[in-house]
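Residue numbering restarts at 1 for every chain, and letters A, B, ... go by the order of the sequence lines.
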Amino acid sequence: MVDLSVDLAGVPLPSPMMTASGCAANGREMHRFIDITELGAFVTKSVKAAPVSGRPTPRMAETDSGMLNSIGLQGPGVAAFVEEDLAWLHSIGARVVVSIAGGTASEFAAVARRVVRSPYASAVAAIEVNISCPNVANRGLVFACEPSGSHKVITLVREEVPRGIPILAKLSPDVTDITEIAAAVVKAGAHGLTMINTLLGVAIDPVRLRPHLAATTGGLSGPAVRPVAVRAIWQVSAAMREGRVPAVPIVGAGGVRTGADALELLAAGATAVQVGTAAFNDPTAPLRVGRELADALDALGVDRLADVVGIAHEGGLR
Amino acid sequence: MVDLSVDLAGVPLPSPMMTASGCAANGREMHRFIDITELGAFVTKSVKAAPVSGRPTPRMAETDSGMLNSIGLQGPGVAAFVEEDLAWLHSIGARVVVSIAGGTASEFAAVARRVVRSPYASAVAAIEVNISCPNVANRGLVFACEPSGSHKVITLVREEVPRGIPILAKLSPDVTDITEIAAAVVKAGAHGLTMINTLLGVAIDPVRLRPHLAATTGGLSGPAVRPVAVRAIWQVSAAMREGRVPAVPIVGAGGVRTGADALELLAAGATAVQVGTAAFNDPTAPLRVGRELADALDALGVDRLADVVGIAHEGGLR
Amino acid sequence: MTPSHPLGTAAREGARVVQVDAEVIRSAPAGIYQHLTLVAPGIAELARPGQFVAAAIGDEHSSMLLRRSFSIHRVSPQGAYGGTVEIVVAAHGPGTEQLLALPTGARVNLIGPLGRPFPVPQEPVACVLVGGGYGSAPLFWLADVLRERGCHVEIVLGAASRDRLFGVLEGRRSADGVTITTDDGSEGSKGWVSDVLPELITRTGASVIYGCGPMGMLRSLHEAAQEHGIVAQVAVEEAMACGIGICMTCVMPVRDATGTTKMVRSCVEGPVFRGDRVRWDAFVDGRCLVPDDALGAPEAGAR
Amino acid sequence: MTPSHPLGTAAREGARVVQVDAEVIRSAPAGIYQHLTLVAPGIAELARPGQFVAAAIGDEHSSMLLRRSFSIHRVSPQGAYGGTVEIVVAAHGPGTEQLLALPTGARVNLIGPLGRPFPVPQEPVACVLVGGGYGSAPLFWLADVLRERGCHVEIVLGAASRDRLFGVLEGRRSADGVTITTDDGSEGSKGWVSDVLPELITRTGASVIYGCGPMGMLRSLHEAAQEHGIVAQVAVEEAMACGIGICMTCVMPVRDATGTTKMVRSCVEGPVFRGDRVRWDAFVDGRCLVPDDALGAPEAGAR
Ligand SMILES: Cc1cc2nc3c(=O)[nH]c(=O)nc-3n(C[C@H](O)[C@H](O)[C@H](O)COP(=O)(O)OP(=O)(O)OC[C@H]3O[C@@H](n4cnc5c(N)ncnc54)[C@H](O)[C@@H]3O)c2cc1C
Ligand SMILES: Cc1cc2nc3c(=O)[nH]c(=O)nc-3n(C[C@H](O)[C@H](O)[C@H](O)COP(=O)(O)OP(=O)(O)OC[C@H]3O[C@@H](n4cnc5c(N)ncnc54)[C@H](O)[C@@H]3O)c2cc1C
Ligand SMILES: Cc1cc2nc3c(=O)[nH]c(=O)nc-3n(C[C@H](O)[C@H](O)[C@H](O)COP(=O)(O)O)c2cc1C
Ligand SMILES: Cc1cc2nc3c(=O)[nH]c(=O)nc-3n(C[C@H](O)[C@H](O)[C@H](O)COP(=O)(O)O)c2cc1C
Ligand code: FES
Ligand code: FES
């Protein structure tokens, strides 16, 4: 039996497998297919302070080995989230990574406060800060595309979150140098990084010859983007090894569909792995990938998952 | 019969279809499958001043709906290129877009000079400047990731290239704001833009748990990246419409495999379309896509390809 | 190709939904459609008319990740092969093309039953069931259920042309009356289903209309129902990525019991909605806008 | 699934290569391999032993873009179906798995013949043909061609175990002598082909060795040839994306006639190389480096 347990910035998880924010709603729906308490952690849909209707439809376009989405952070607002969703997740005993979002740094902080002060805070394994949101104060430029905005969000969130609940900053790959953003958020106090969020993309309807998405642009996800995710993890992990970015754990996300895919992210430097779009194809994927991962490690003669984290930086298995 | 002719910065082309640099060698091999003189233009492999051996192997990894390559600009050097390849392309009557590369801005200029002063210059429909090369003077940072380096390359190349041969700057999508680079190169004198080059990616060998490519990182291409290409074209074309970037024609590249794919790039703002990785799957693709494109336009009741260029910015077909 | 299909399977207790590797045991053309019968143990036992299944396309090497949804045409909980599910597939894009080319023996990873079924009246009232194109697929089973409860059932089948009608013979077996309309008059009366509805409602004294088909048709059913002071139950067909409620792509604006408009997931809160709850005004030119008064809508102008 | 296969076809005059939608007419297991016969008009007529075909995997919706290369086992230019090509496929990854699961009647877009064939001696000399695993696939046809020219032909087949040998019976028909080695001794003598080579070369007075198989084995053939002052002609198997010379992924360092090492494309300048031209020193631990003295190599240290 391969030991799949990992330590996520001080939080022990029995498995590296997680859902990805926005790809599993808030748990009930996926719980009809798999027992989500068996996951390393369940990651909730990014929640803002108030209810959000999201974008008009079409909100999605299938692309080769991927998809575009423009959901627009539809959600019930943090109050309803805590009372209905977090409470339920708490009741079934799930380990929860709560993903938070905001249009201003102080909105992020307010959402975090509400979550960690709720009666269900004991279910919260980590707070994931989705900084790939438009910054209202900066012409709608996404926080994650700019070090100072990202730094500010993490700084304010950090003030609200008690010790023992790590803060994960979720980075966007749509930047010239992702290590620069990584350094900024870790210096602001992030205890870990989640990489990657979606890539900005556009699809055109080949009959109407207009953007397929009502919102024009959307986020590209799925196996198509896995090489970009592995690259981002590789670069940041390498920068940590070189001391250019303080070393913190990385949660990998992007295009994971099979155990072999998860292994790519781990070997490149990720400690845990999220499964997003693949769950639309197969709702059992977040657990299935974990089983396939265990089988793959077993076949390679590896006993402990922790032994392969970042191993590609050291020349691989020998 | 749909009129497929386009005007590329003053150069009339009978068709918008081109090969993509590095995806059709220098013509002879593909000419065994299709008559490359029927293309709008044949785009050569980026050539540097001296011969280049390229990278160690493995140089490629297949990824979902795409591939990574790390060829490393292998080539014979510009002297041999002109005498053997350009001479042959000239002899068969091909319209040629010569792709040039360099490690310094002056190397680019020297390569351009050699090409335009050659006896075969009459075959040159355009010079494509592949600024996605590492800048030796700037810690190997890719020129295309930084406006001032890109500006300098185009400025020096511009001095060498006579009127009548447009200069296309080929942009990388791996930047926070592609419109900034686009503005820099157009201001430096580029007559057109080619978008996009590959995305930086990494794949890990799932058995050895080390990078699959001997060079670690590679360029991601193929249908997987098409939404990113369409987005880049969309953003730059929108910036041109808003006057933030001077208006020049865009040559689209990235993930085109079918006529419908080509139509996406055109509707988003491209005047011409390159087919790269898809040619490895089907060497007839650069011409086949053109036929499929004509059929698609015909089915939509469009007589002239020029009428759909950028049409998605105007609400699409009505 | 025999897909290796390593996708998961699931059947959790109490979930009332299963994920199975179904086997195609019959695939036959029906007009321009393909009628597929699949052995899908579990689904048949749980399903009710109006629910749907979501099919994966190919195995883990398919470039098509998203599930395709199909109304359940009929189920047979027992049978020589175990429970079977029937669907009617129209060629639309690459996913449906792959499905309709599947040979018998091929496997398809299916999830179902999904969504809310057509609500069935308590009393034996008269009902009009309206199907546009392959939208009629779920109606014959619904008709059987209604007639078992003593309802008088009229079926209206409409399509652009004769070859796009589905289930004319089946309609004659399942319903008390069948009316056919085609846009080109190649079968039945020339015109739209909405042309024949008012007379039918009046004549039968129907108290509910059930409909499945394109959005424009559903809207006209709702309007006809409203004019006659009755209710339309419509099964919508919004683009869906997952079918199971986890992606939020399939939303549309629907009023709740208090009148508040929310963007609700048509895969879990639908696909069947009461016509008078749907914000028809939001559907414009192939898109669906977020009404300004919807919960959480961006401030007007800020969009 | 019946792939719709809208990939192109091509047969330009003088090109000596065609691209065709080939049809699988037979697929049969052969040990752990699958022996496929395809109707591929044009290829059979042009091919010579040592050349290969490049197969596309699936249609335009396949997530696998790159072609897979296979040595041509045999061809029959005439026949009931038109020219056929045979290949022997070993399960390796997803692409080969799809190919070996193809039912008869399935279509595969094939390009061929590709690469340079084994050069055939002018004189009727003795030859040793060595195949590792499925690497023996092209050798029987080569043996026939050599024997037609009066050559004495010995075949050596080596593999890890008995089930990984290909063509033992065929070898007995095509060659004057067959020697078998397996790593585990499950058939023939226990050990490697290189163990039996020296004796065989000496005994037959062979003046050329032909080989096809893994890189390590080819290297040992070259070394054995060198020790005996003869030449090895080896067919390599580098990872290829296109097979037709347009991608530059399949390169390896090879000396030209003047002794200059260049990174040459193994798909067009190979797959058959003279053993003494190959820079065996560059192949290290599953990778192939660029020798410092190769044309255009980065300055030593600057890499
Ligand atoms: C509840 C429901 C019931 C349906 N019942 C049937 C039926 O009985 N028979 C039938 O032929 N079709 C039915 N459809 C429509 C069917 O799902 C689509 O035709 C199919 O998904 C198109 O897939 P494609 O690959 O051929 O086309 P593409 O356009 O390439 O599909 C691309 C993506 O868009 C989604 N999509 C596109 N059109 C639709 C659509 N109309 N509805 C949902 N998703 C869409 C697909 O799921 C896929 O993710 C139903 C749809 C829904 C939502
Ligand atoms: C000239 C030549 C002749 C060959 N002859 C045979 C033969 O007769 N029978 C046989 O079973 N195999 C043969 N091979 C090997 C065969 O091409 C590979 O096993 C196959 O491409 C692997 O594809 P995959 O999808 O199963 O594996 P994957 O590893 O998933 O392939 C991924 C990618 O790498 C490439 N690749 C991986 N391994 C190889 C390889 N060894 N050679 C070339 N490309 C590779 C594939 O083309 C594909 O692009 C030959 C290869 C070459 C170059
Ligand atoms: C439909 C959809 C909705 C998403 N919503 C969110 C979100 O609310 N917050 C967030 O941080 N990421 C969101 N993401 C991004 C995913 O969490 C993940 O980072 C990305 O999709 C890459 O992983 P994948 O390829 O496994 O999907 C969303 C992705 C999809 C496809
Ligand atoms: C093997 C390979 C080699 C390439 N070489 C070059 C090159 O030399 N110069 C260049 O500008 N682009 C090069 N490219 C990038 C392509 O020209 C093209 O911009 C990119 O691949 C996206 O298009 P595609 O998806 O159609 O391949 C190369 C791409 C591939 C796959
Ligand atoms: S289709 Fe995914 S939530 Fe409805
Ligand atoms: S495989 Fe493409 S050049 Fe050899």
Side-chain angles (χ1 to χ4, degrees), chain A residues 19 22-35 45 48 50-67 69-77 205 208 210 213-215 221-224 257-258 261 277-285 287-288 291-292, chain C residues 6-12 14-19 54 56-57 60-67 93-95 109 111 238-253 261-263 265-268 282-292 294-298 302-303:
Chain A
T19 53
C23 300
N26 285 332
R28 282 187 182 83
E29 297 81 357
M30 190 175 270
H31 204 55
R32 299 175 76 193
F33 297 93
I34 58 172
D35 180 350
K45 169 97 190 140
K48 298 182 82 173
V52 178
S53 68
R55 301 305 213 112
T57 66
R59 283 181 174 186
M60 64 101 171
E62 193 176 54
T63 65
D64 296 82
S65 295
M67 71 177 285
N69 88 80
S70 58
I71 308 301
L73 297 181
Q74 174 167 355
D205 177 327
R208 297 294 304 261
R210 64 181 186 183
L213 301 176
S221 62
R257 191 174 189 179
T258 67
D261 300 343
T277 305
F280 304 161
N281 178 254
D282 178 8
T284 74
L287 280 187
R288 172 180 56 75
R291 284 195 305 273
E292 292 172 359
Chain C
L7 303 190
T9 56
R12 297 198 71 205
R16 303 198 61 75
V17 64
V18 298
Q19 178 176 355
I57 307 296
E60 96 247 51
H61 300 291
S62 165
S63 67
M64 287 179 258
L65 276 178
L66 305 180
R67 287 197 175 243
N109 195 269
I111 297 179
E238 289 297 282
M240 293 183 178
C242 73
I244 61 167
I246 62 176
C247 73
M248 310 294 283
T249 61
C250 63
V251 299
M252 52 186 263
T261 295
K262 293 182 180 159
M263 297 299 286
R265 289 166 296 184
S266 59
C267 68
V268 287
F283 293 85
V284 180
D285 191 25
R287 292 182 170 162
C288 178
L289 307 175
V290 177
D292 288 339
L295 182 70
R303 218 175 314 155

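Taking the side chain as every heavy atom from C-beta outward, C:L65 and A:P223 approach each other to under 4.5 Å. The side-chain heavy atoms of A:D35 and C:R12, taken from C-beta on, include a pair separated by under 4.5 Å.
Heavy-atom minimum distance, C:A10 versus A:T284: CB-CG2, 4.0 Å. Residue C:G245 comes nearest to A:A25 through the heavy atom pair O-CB, 3.7 Å, listed as atom of the first residue, atom of the second, then distance. Across C:I244 and A:P283, no two heavy atoms sit closer than the pair CD1-CB, 3.6 Å. Summarising the geometry of C:L66 relative to A:M67, their closest heavy-atom pair is CD2-SD, 3.8 Å, with the distance given to 0.1 Å. Residues C:A56 and A:N281 share a closest heavy-atom pair of CB-ND2, 4.1 Å. Shortest non-hydrogen contact noted between C:P298 and A:S53 is CD-OG, 3.7 Å.
Neither the backbone nor the side chain of A:A50 comes within contact range of chain C, judged by heavy atoms closer than 4.5 Å. Only the side chain of A:R208 comes within less than 4.5 Å of a heavy atom in chain C; its backbone stays farther off. Neither the backbone nor the side chain of A:A224 comes within contact range of chain C, judged by heavy atoms closer than 4.5 Å. Neither the backbone nor the side chain of A:L73 comes within less than 4.5 Å of any heavy atom in chain C. For A:T258, the part lying under 4.5 angstrom from a heavy atom of chain C is the side chain only. Residue A:L287: no heavy atom, backbone or side chain, is found under 4.5 Å from chain C. Interface remark: C:M240 contributes backbone atoms only to the contact with chain A (heavy atom separation under 4.5 Å). There is no contact between C:T261 and chain A, counting heavy-atom distances below 4.5 Å. Neither the backbone nor the side chain of A:N26 comes within less than 4.5 Å of any heavy atom of chain C.
Residues meeting the side chain to side chain donor-acceptor pair (under 3.5 Å) test with A:T277, sequence neighbours left out: A:S221. Applying the salt bridge (Lys or Arg N to Asp or Glu O under 4.0 Å) criterion to C:E238, with sequence neighbours excluded, gives no partner residue.
Ranking C:V18, C:I246, C:I111, C:T249 against chain A, the residue ahead of the rest is C:I246, based on heavy-atom pairs under 4.5 Å. For the set C:A294, C:P253, C:S63, the count of heavy-atom pairs under 4.5 angstrom toward chain A peaks at C:S63. Top candidate by heavy-atom pairs under 4.5 Å with chain C, chosen from A:H31, A:R210, A:M30, is A:R210. Of the listed residues (C:A241, C:A282, C:G95), the greatest number of heavy-atom pairs within a distance under 4.5 Å of chain A belongs to C:A241. The greatest number of non-hydrogen atom pairs below 4.5 Å with chain C, out of A:M60, A:E62, A:Q74, is found for A:E62. Between chain A and the residues C:K262, C:M252, C:M263, C:R16, the most heavy-atom pairs under 4.5 angstrom are made by C:M263.
With hydrogens and angles disregarded, a donor-acceptor distance shorter than 3.5 Å links the side chain of A:R32 to the backbone of C:A15. A donor-acceptor pair under 3.5 Å is absent between the side-chain atoms of C:R287 and the main chain of A:P56, judged by distance alone. A:R288 contributes no side-chain N or O that, together with a main-chain N or O of C:L7, makes up a donor-acceptor pair within less than 3.5 Å. Looking only at distances, no side-chain donor or acceptor of A:R59 sits under 3.5 Å from a matching main-chain atom of C:C250.
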Set out, in order, the CA-CA distance, both residues' side-chain angles and the distance that settles salt bridge (charged side-chain N to carboxylate O under 4.0 Å, His left out) for C:R265 and A:E29, then state yes or no. CA-CA 12 Å; C:R265 289 166 296 184; A:E29 297 81 357; 2.8 Å; yes
Apply side-chain hydrogen bond (donor to acceptor under 3.5 Å, both in side chains) to C:Q19 and A:D282, showing your working. CA-CA 9 Å; C:Q19 178 176 355; A:D282 178 8; 2.9 Å; yes
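Atoms SG and NZ, from C:C247 and A:K45 in turn, are 9.5 Å apart once rounded to the nearest 0.5 Å.
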